[in-house]
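Structure first, commentary second.
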Amino acid sequence: MIVFMTALLVVLYQLTCHRNQRVKDGQIQICNLCRDNPKTQLWLSFLILSFLTTCTSAESEIEDLLTCLEELNSTLQKSDAMLYTAPLSDVEKCKDKVLRCYMVELIMVILEEQINDSKTDCLYHFNDDLKPEVGCPQCEMYSLQNISTFLRMLTNTLQRINSM
Ligand SMILES: *[C@@H]1O[C@H](CO)[C@@H](O)[C@H](O)[C@H]1NC(C)=O
Ligand SMILES: *[C@@H]1O[C@H](CO)[C@@H](O)[C@H](O)[C@H]1NC(C)=O
Ligand SMILES: *[C@@H]1O[C@H](CO)[C@@H](O)[C@H](O)[C@H]1NC(C)=O
């Protein structure tokens, strides 16, 4: 995928350069430089890619989790555990702490229900990347809810974070 995108960017860059060459004198030198030097092309592609990745990664992680939860939904719904459920109001100041509370509860359900599905990997990865804020309420302070309310609140929370 990365290789494909790099190739695509190089092609796009060359096409753009080619067209500019006829129009703007100023850009000819940059175009010649990068066309004659594959390393420069690679560096440019790499920089653009890094930039794109940095800009979109935070959002797509949430999207990935939402997809992952949807796939696990029917399996998770079988649990009859009561789970600590954070309200939406805590998301703004304590985003990662709230998400950590949700992940800890979900992982507990996965262990309790002995869900061996590799689809649960995404929850562990997501959990590992969290950096819970200090000074936030402890998970045990939140009200206990059944799994369907818990999953609905988690989905709402993720959608709220996505729109923040
Ligand atoms: C999850 O499953 C429950 C019950 O089976 C259903 O009511 C709910 O709409 C499902 N949620 C999603 C996001 O698919
Ligand atoms: C998961 O694996 C355990 C043993 O490794 C097994 O007892 C259990 O039935 C499996 N659960 C599911 C949902 O397949
Ligand atoms: C889960 O809890 C909500 C409200 O707390 C309730 O309305 C709903 O009936 C409960 N669902 C199940 C399956 O117990």
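Every number for a ligand or one of its atoms is a count from 1 in the order of the listing.
- Scored by the salt bridge (Lys or Arg N to Asp or Glu O under 4.0 Å) test, Asp129 finds no partners at all (sequence neighbours excluded).
- When only modelled atom types and interatomic distance are considered, Asn146 and Thr149 share a side-chain donor-acceptor pair under 3.5 Å.
- Taking hydrophobic clusters as Ile, Leu, Val, Met, Phe, Trp and Tyr residues chained together by side-chain heavy-atom distances below 4.5 Å, Leu106 shares a cluster with Tyr124.
- Residue contacts with ligand 1: Asn73 is placed with a nitrogen or oxygen under 3.5 Å of a nitrogen or oxygen of the ligand (distance criterion only).
- For the pair Arg100/Asn127, a side-chain contact is recorded, criterion being any heavy-atom separation below 4.5 Å from C-beta on.
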Show the short N or O contacts, below 3.5 Å, that ligand 3 makes with protein N or O atoms; if there are none, say 'none'.
unit_1: ligand 3; atom_1: 2 (O); unit_2: Asn146; atom_2: OD1; d: 3.4
unit_1: ligand 3; atom_1: 2 (O); unit_2: Asn146; atom_2: ND2; d: 2.4
unit_1: ligand 3; atom_1: 2 (O); unit_2: Thr149; atom_2: OG1; d: 3.3
unit_1: ligand 3; atom_1: 11 (N); unit_2: Asn146; atom_2: ND2; d: 2.8
unit_1: ligand 3; atom_1: 14 (O); unit_2: Asn146; atom_2: ND2; d: 3.2

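- A 4.5 Å side-chain heavy-atom check between Lys97 and Gln138 finds at least one atom pair inside the cut-off.
- In this structure, CD in Glu113 is found 13.0 Å from OG1 in Thr120, a value given to the nearest 0.5 Å.
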